[in-house]
Chemist: 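Please find one structure pasted underneath; my questions will follow.
Atom set for the values below is all heavy atoms of this structure, side chains included, hydrogens, waters and symmetry mates excluded. Every chain is numbered from 1, with letters handed out A, B, ... down the list of sequences.
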Amino acid sequence: MNNSNKKQLFIFNTLSGKKEAFVPINNDMVGMYVCGPTLYSEPHMGNMRTFINFDLIYRYLLHSGYEVKYVRNITDAGHITNSAGEQEDSIGKAARMEQVQPLEIVYRYNLKFQELNRTYNLLPPSIEPTATGHIQEQIEIIEKIIENGFAYVKNGSVYFDVKSYMQSYDYGELSGRKVDELENETRALNAQEEKRFFADFALWKKAQDNDMQIWRSPWGEGNPGWHIECTAMSTKYLGKTFDIHGGGLDLKFPHHEDEIAQSCGATGQSPANFWMHANMLNVNGKKMSKSLGNFFLPKEIVEGTSKLFSKAYSPQVIRFFMMQSHYRSTLDLTEEALNAAEKGFERLTDSISLLENVPVSDDSSFSIPLCIQGFYDAMNDDFNAPILIANLFDAVKKINLIKDNKEAINAGDKDFLLSEMKCFVHDVLGLKHNSDSNDDRLSPVMDLVLELRQKARFNKDWDTSDLIRDGLKNAGIEVKDGKESTGWK
RNA sequence: GGUCUCGUGGCCGAGUGGCUUAGGCACCGGUCUGCAAAACCGGUUACAGCGGUUCGAAUCCGCUCGAGACCUCCA
């Protein structure tokens, strides 16, 4: 990495509602925890947007020279779903429906999730811990919270005592919610007589007859509440307080609010200095969700099997499309917008290839360092990938003008620009090069075919040259006649 | 109902007080070309409405209209 370009990184902190200078607790080490998926079904494109956005953040932190411990959990227990008034574990429910073991469900969808991570070019986190692998840690944290007077046991379940907590801490500081407002709004939803206070939430649930996953605890057999797993795992792997906690915006309340309460209640320390929330992916103006039916699977779009789109799009194009909006904005997915991204992405990657072969001059006609600084400035401003891309396209325009001898670049600047552009496109944005897709065996054949066509063109045998061109088009190969040579793709 | 966010040109999408023509795509014009496509260059179109603050607002404040999110299932 290039330290001369390393300026102060600013991150929008949900906790303060402001952009703050990012200073890690431990010099150049960064601890980051991101709430991962609940694997009771295949993750949809909206789920993936969050993970892609945090992949960008992870990548830029690495690029900035930080040593990052990136923890992204897998929820395989304790995630309660609420259907028809019945509360039950979502994994257990899926297992019962499909008549398999709960862990078989998790294993099945985790395989798919991992495959998606590779397809969309996400870097693997440092560790992906599971809730079921940390039952003991969860129990220990719950015991601490009880010990500190912020939780109580009732009929084999344990609840967090929000009223007691509020005497020492500010419940609602992350989401900006006031408990007295909540009370009027949500009382009807809670038929939980066991709770002392409507806002109390479960840390441990007593086992019910239809539970498929049950563990022993000091309070009897049962299973953990949803929020406690993240507190247990983040504390175990990153410490009582770490640098960044991320997740989807829809987790802000109650999940993240309750995580803060649990950590403070157990350790007396707030878990994270920076809270980051990625915004939702919309389809037709509405949040993508299963209940609305406006979701599609990440593999459907790359295979072209989604009914919502007329053709397939490469994962790189989808990733590029997502990078063109800021992670804190909602993003509207439409076919027209995807087509625009496809063309733009091609132009960007083409220009990198072009830069490799562009002629050099004695002097550069524009400031390359200034150009590159623009890349860094964009990302240092709360990971503003859309501005980064706009700045990259400024470079694209310059590169094209160099080709036409309207701008010039010297050898040193060329190498500098090329390596930085590759770095930002490939390593930071996580976009693979598009040209790798051509088959090695096809290449010599195409050279031959195009040579025959050139011969025909030289002889003004337009019928033959057009026959070749149209035939290739039908085979999905596009001929691109240039001034000196003919390309294809 | 409560809390909060947002409304930018044909589409997606940055930008928070005074030139950013943001950017991409589309469209129009041009260069190149046997023709076409591709590629490249150039250009047009905007800040939901009304009122206010200000020398000056897309950017701050108020109201109206519209959209969305959360309110213990959500990435």
Chemist: Can you tell me whether the side chain of A:Asp481 and the base of B:A36 have a donor-acceptor pair closer than 3.5 Å?
Modeler: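 A donor-acceptor contact between them is present.
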Chemist: What contact category does A:Lys473 fall into here, base, sugar-phosphate, or nothing, at under 4.0 angstrom with non-hydrogen atoms?
Modeler: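 No contact at all - A:Lys473 keeps every heavy atom at 4.0 Å or more from the nucleic acid.
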Chemist: Check each residue of residues 41-48 of chain A for a non-hydrogen atom within less than 4.0 Å of any atom in RNA chain B, then write out the ones that pass by number, or none.
Modeler: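 Within this stretch, A:His44, A:Gly46, A:Asn47 sit under 4.0 Å of the strand.
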Chemist: Rounded to whole angstroms, how far apart are CZ on A:Phe253 and P on B:C4?
Modeler: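 Atom CZ in A:Phe253 sits about 14 Å away from atom P in B:C4.
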Chemist: Is it true that A:Glu194 and A:Lys205 have a side-chain N and a carboxylate O under 4.0 angstrom from each other?
Modeler: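 Salt bridge: no.
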Chemist: Of the non-hydrogen atoms in A:Tyr165 and A:Cys264, which two are nearest, and what is the gap between them?
Modeler: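 Heavy atoms only, the tightest pair is OH-CB, 3.5 Å.
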Chemist: Under a 4.0 Å N-O cut-off, is there an ion pair linking A:Glu98 with A:Lys93?
Modeler: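 Salt bridge: no.
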Chemist: Is the A:Phe393 ring parallel, tilted or perpendicular to the A:Phe320 ring (thresholds 30°, 60°)?
Modeler: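 Aromatic pair A:Phe393/A:Phe320 classed perpendicular.
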Chemist: Can you list everything that forms a ring-ring contact (aromatic ring centres under 6.0 Å, His included) with A:Tyr58? Sequence neighbours excluded, please.
Modeler: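 A:Tyr58 satisfies ring-ring contact (aromatic ring centres under 6.0 Å, His included) with A:Tyr70 once adjacent residues are dropped.
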Chemist: Hey, is the side chain of A:Asp381 pairing donor to acceptor with the base of B:G15 inside 3.5 Å?
Modeler: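 Per atom types, no contact qualifies.
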Chemist: Any base atoms under 4.0 Å from A:Glu478, or only sugar-phosphate, or nothing? Heavy atoms, all strands.
Modeler: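 Sugar-phosphate contact only.
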Chemist: Quickly work out the A:Asp404 CG to B:C40 P distance and round it to whole Å.
Modeler: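 After rounding, the reported distance stands at 10 Å.
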Chemist: Rounded to whole angstrom, note down the C1' distance from B:A37 over to B:U20.
Modeler: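 Between the two C1' atoms, the distance is 34 Å.
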Chemist: Using a 4.0 Å cut-off on heavy atoms, which residues in residues 109-118 of chain A reach RNA chain B? List them by number, or say none.
Modeler: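 By residue number: none to list.
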Chemist: Are A:Asp381 and A:Lys19 within salt-bridge range, i.e. N to O under 4.0 Å?
Modeler: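 A:Lys19 and A:Asp381: salt-bridged.
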Chemist: Could you spell out the base pairing of RNA chain B in dot-bracket, with Watson-Crick or G-U pairs whose two distances are under 3.5 Å, [ ] crossing and | to another strand?
Modeler: ((((((((.[[[).........]]].(((((.......)))))....(((((.......))))))))))))....
Chemist: Answer yes or no: side-chain N or O of A:Ser329 and base N or O of B:G13 forming a donor-acceptor pair under 3.5 Å.
Modeler: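 Side chain to base: no pair present.
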Chemist: Sticking with atom C1', work out how far B:A22 lies from B:A14, rounded to a whole angstrom.
Modeler: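 The answer is 6 Å between these two C1' atoms.
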Chemist: Could you tell me how far apart A:Ile402 (CD1) and B:C41 (P) are, to the nearest whole angstrom?
Modeler: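 Those two atoms, CD1 and P, are 12 Å apart.
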Chemist: Angle between ring planes, A:Phe201 versus A:Tyr171, binned at 30° and 60°: parallel, tilted or perpendicular?
Modeler: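 Taking A:Tyr171 first and then A:Phe201, their aromatic rings lie parallel (interplane angle under 30°).
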Chemist: Would you indicate what A:Leu333 reaches in the nucleic acid, counting non-hydrogen atoms under 4.0 angstrom: base, sugar-phosphate, or nothing?
Modeler: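 A:Leu333: no heavy atom of the nucleic acid under 4.0 Å.
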Chemist: Please give me the minimum heavy-atom distance between A:Pro224 and A:Ile228, naming the atom from each residue.
Modeler: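 Closest heavy-atom pair between A:Pro224 and A:Ile228: CB-CG2, 3.9 Å.
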Chemist: Taking atom C1' in both B:C63 and B:G7, what distance in whole Å separates the two?
Modeler: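 The answer is 16 Å between these two C1' atoms.
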Chemist: Enumerate the protein-to-nucleotides 5-7 of chain B contacts in which both atoms are nitrogen or oxygen and the separation is below 3.5 Å.
Modeler:
none

Chemist: Quick check on RNA chain B: between A:Gly248 and A:Pro254, whose nearest nucleotide comes earlier from the 5' end?
Modeler: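 Closer to the 5' end of RNA chain B: A:Pro254.
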Chemist: Using the ring-ring contact (aromatic ring centres under 6.0 Å, His included) criterion, which residues pair with A:Phe321? Sequence neighbours excluded.
Modeler: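 Not a single residue meets the ring-ring contact (aromatic ring centres under 6.0 Å, His included) criterion with A:Phe321.
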Chemist: Counting side-chain heavy atoms from C-beta on, which of B:G13, B:C40, B:A14 comes nearest to A:Lys403?
Modeler: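 Between B:G13, B:C40, B:A14, the one nearest the side chain of A:Lys403 would be B:C40.
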Chemist: Checking A:Arg469 now: which residues fulfil side-chain contact (heavy atoms from CB on, under 4.5 Å) with it, not counting sequence neighbours?
Modeler: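 For A:Arg469, the residues satisfying side-chain contact (heavy atoms from CB on, under 4.5 Å) (neighbours in sequence not counted) are A:Arg453, A:Asp466, A:Val479.
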Chemist: With rounding to whole Å, what would you report as the distance between B:C50 and B:G17 at their P atoms?
Modeler: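 Roughly 24 Å separates the two P atoms.
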Chemist: Which one, B:C35, B:C12, B:A75, comes nearest to the side chain of A:Thr50?
Modeler: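 Looking only at heavy atoms from C-beta outward on A:Thr50, the closest nucleotide is B:A75.
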Chemist: For the pair made of CG in A:Asp463 and P in B:G34, what is the distance, rounded to whole Å?
Modeler: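 To the nearest whole Å, that distance equals 16 Å.
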Chemist: Which comes earlier along RNA chain B counting from the 5' end, the contact point of A:Val479 or that of A:Lys19, where each point is its nearest nucleotide?
Modeler: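 Its nucleotide being nearer the 5' end, the pick is A:Lys19.
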Chemist: Are there any protein N/O atoms within less than 3.5 Å of an N/O atom in nucleotides 65-69 of chain B, and if so, which ones and at what distance?
Modeler:
residue, atom, partner, partner atom, Å
B:G68, OP1, A:Lys286, NZ, 3.4

Chemist: Which residue pairs satisfy the side chain to side chain donor-acceptor pair (under 3.5 Å) criterion with at least one member in residues 392-404 of chain A, sequence neighbours excluded?
Modeler: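 Qualifying pairs, neighbours excluded: A:Lys398-A:Glu407.
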Chemist: Under 6.0 Å from the ring centre and within 45 degrees of the ring axis: does the NZ or CZ of A:Arg196 meet both conditions for the six-membered ring of A:Tyr152?
Modeler: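 Satisfied, under 6.0 Å and within 45°.
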Chemist: Rounded to whole angstrom, note down the C1' distance from B:A69 over to B:A75.
Modeler: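 Here B:A69 and B:A75 have their C1' atoms 13 Å from each other.
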Chemist: What's the closest nucleotide to the side chain of A:Leu281 if the choices are B:A75, B:C40, B:G34?
Modeler: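 It is B:A75.
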Chemist: For A:Phe383 together with A:Phe12, are the ring centres under 6.0 Å from each other?
Modeler: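 Ring-ring flag for A:Phe12/A:Phe383: false, centres at least 6.0 Å apart.
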Chemist: Check the angle between the aromatic planes of A:Phe54 and A:Tyr327 and answer parallel, tilted or perpendicular using the 30° and 60° thresholds.
Modeler: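 Rings of A:Phe54 and A:Tyr327: tilted, 30 to 60°.
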Chemist: Closest approach of A:Ile402 and A:Pro359, non-hydrogen atoms and distance?
Modeler: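 Nearest heavy atoms, A:Ile402 then A:Pro359: CG2-O, 4.1 Å.
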Chemist: Using a cut-off of 4.0 Å on non-hydrogen atoms, how would the nucleic acid contact of A:Ser325 be classed: base, sugar-phosphate, or nothing?
Modeler: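 If one applies the 4.0 Å heavy-atom cut-off, A:Ser325 turns out to touch the sugar-phosphate alone, with no base involved.
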Chemist: Contact class for A:Phe321 (heavy atom, under 4.0 Å): base, sugar-phosphate, or nothing?
Modeler: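 Contact class for A:Phe321: sugar-phosphate only.
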Chemist: Pick the C1' atom in B:C71 and in B:C55, then give their distance to the nearest Å.
Modeler: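 Rounded to whole Å, the distance is 45 Å.
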Chemist: Between P on B:U33 and CZ on A:Arg453, what's the gap in Å once rounded to a whole number?
Modeler: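 Going from A:Arg453 (CZ) to B:U33 (P), I get 15 Å.
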Chemist: Look at all strands and tell whether A:Leu401 reaches a base, only sugar-phosphate, or nothing, counting heavy atoms closer than 4.0 Å.
Modeler: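 Sugar-phosphate, no base atom in range.
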Chemist: Answer yes or no for A:Arg177 and A:Phe253: cation-pi contact, defined as NZ/CZ to six-membered ring centre under 6.0 Å and angle to ring axis within 45°.
Modeler: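 Yes, a cation-pi geometry.
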Chemist: For A:Lys343, check salt bridge (Lys or Arg N to Asp or Glu O under 4.0 Å) against everything at least two apart and list the hits.
Modeler: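 For A:Lys343 there are no salt bridge (Lys or Arg N to Asp or Glu O under 4.0 Å) partners, ignoring immediate neighbours.
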Chemist: Send over the distance from A:Ile399 CD1 to B:C41 P, rounded to a whole Å.
Modeler: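 In whole Å, B:C41 P and A:Ile399 CD1 are 11 Å from each other.
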Chemist: Please identify each residue that fulfils ring-ring contact (aromatic ring centres under 6.0 Å, His included) with A:Tyr313, with sequence neighbours left out.
Modeler: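 Once residues adjacent in sequence are excluded, A:Tyr313 has no partner under the ring-ring contact (aromatic ring centres under 6.0 Å, His included) criterion.
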Chemist: Salt bridge check, A:Asp481 against A:Arg457: does any charged N sit closer than 4.0 Å to a carboxylate O?
Modeler: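 Yes.
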Chemist: Starting from C1' on B:A36, measure out to CG on A:Asp466 and report it in whole angstrom.
Modeler: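 Result: 8 Å.
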Chemist: More than 12 foreign heavy atoms under 6.0 Å from CD of A:Glu335: is that the case here?
Modeler: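 More than 12 heavy atoms, drawn from other residues, nucleotides or ligands, come within 6.0 Å of this atom.
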Chemist: Which word best sums up how the rings of A:His256 and A:Trp275 line up, parallel for under 30°, tilted for 30 to 60°, or perpendicular for over 60°?
Modeler: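 A:His256 and A:Trp275: tilted rings.
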Chemist: Assess the side chains of A:Thr119 and A:Glu115: does a donor N or O sit below 3.5 Å from an acceptor N or O?
Modeler: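 Side chains of A:Thr119 and A:Glu115: no pair found under 3.5 Å.
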Chemist: Each nucleotide in nucleotides 18-31 of chain B should get exactly one letter: B, S or -. Can you fill that in based on protein heavy atoms under 4.0 Å?
Modeler: ----BSBSS-----
Chemist: How long is the line joining CD of A:Glu194 and C1' of B:U72, in whole Å?
Modeler: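 About 16 Å, once rounded to whole Å.
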Chemist: Side chain of A:Ser465, heavy atoms from C-beta onward: which of B:A14, B:G34, B:C40 has the nearest atom to it?
Modeler: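 The answer is B:G34, which lies nearest to the side chain.
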